[in-house]
Amino acid sequence: MEHEPLPSEGHAEVRIVAATPDVARRVAEVLRRCFDSSEQRSYPAGREGGTRLHLTLDTDHAAEPARSWLATSKSTEQAHAHADEV
């Protein structure tokens with residue numbers, strides 16, 4: 001199994017899968033209000049249609065409310081991929 005390289009320290013890769021491009025863009029806009037981000041990249045999301053949108057978030061330059069949430073949150077479990085993720 002081939003793994004993607006991890007993002008650099010202070011960054012997070014986000015994948016949004018939605019039924020329409022508009023829905024994916026709206027979710028990305030909310031994330032951009034909380035974090036600096038890269039230019040989004042979008043791709044088709046399967047035979048049924050839909051959109052997959054990718055962007056990189058800069059968690060070192062978070063705006064409120066993400067800044068306070070990041071400062072107080074701590075991981076209590078190891079992250080696990082969803083069953084359909086590689």
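Note that the structure is predicted; figures quoted are calculated from it, not measured. Side chains included, hydrogens not; waters and symmetry mates left out as well; all remaining heavy atoms used.
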Could you tell me which non-hydrogen atom of [X] sits nearest to which non-hydrogen atom of [Y], and how far apart they are?
X     : Y     : result
Arg41 : Leu55 : NH1-CA, 3.8 Å
Ala12 : Pro7  : CA-CG, 4.2 Å
Ala18 : Ala24 : CB-N, 3.7 Å

So, taking the atom named OG1 in Thr20 and the one named CZ in Arg26, what distance separates them when rounded to the nearest 0.5 Å?
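Going from OG1 on Thr20 over to CZ on Arg26, the span is 6.5 Å.
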Nearest 0.5 Å, please: how far is CD in Glu13 from CG in Leu57?
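Answer for the CG-CD pair, Leu57 versus Glu13, is 8.5 Å.
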Lys/Arg-Asp/Glu bridge criterion (N-O < 4.0 Å) met for Arg25, Glu29
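No salt bridge links Arg25 with Glu29.
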Can you check whether Thr56's main-chain N or O pairs, donor with acceptor, with Ser38's side chain at less than 3.5 Å?
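At least one qualifying donor-acceptor pair exists.
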Do the side chain of Thr59 and the main chain of Gly10 share a donor and acceptor less than 3.5 angstrom apart?
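Here the side-chain-to-backbone pair exists.
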Should we say atom CZ of Arg15 is surrounded by more than 12 heavy atoms from elsewhere, each under 6.0 Å from it?
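More than 12 heavy atoms, drawn from other residues, nucleotides or ligands, come within 6.0 Å of this atom.
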Assigning hydrophobic clusters by single linkage (Ile, Leu, Val, Met, Phe, Trp, Tyr; side-chain heavy-atom cutoff under 4.5 Å), is Val14 placed with Leu53?
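Yes, it is one cluster - the side chains of Val14 and Leu53 are joined through contacts under 4.5 Å.
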Are [X] and [Y] packed together at the side-chain level, in the sense that at least one heavy-atom pair is separated by less than 4.5 angstrom?
X     : Y     : value
Phe35 : His61 : no
Leu31 : Ile16 : yes
Arg33 : Val30 : no

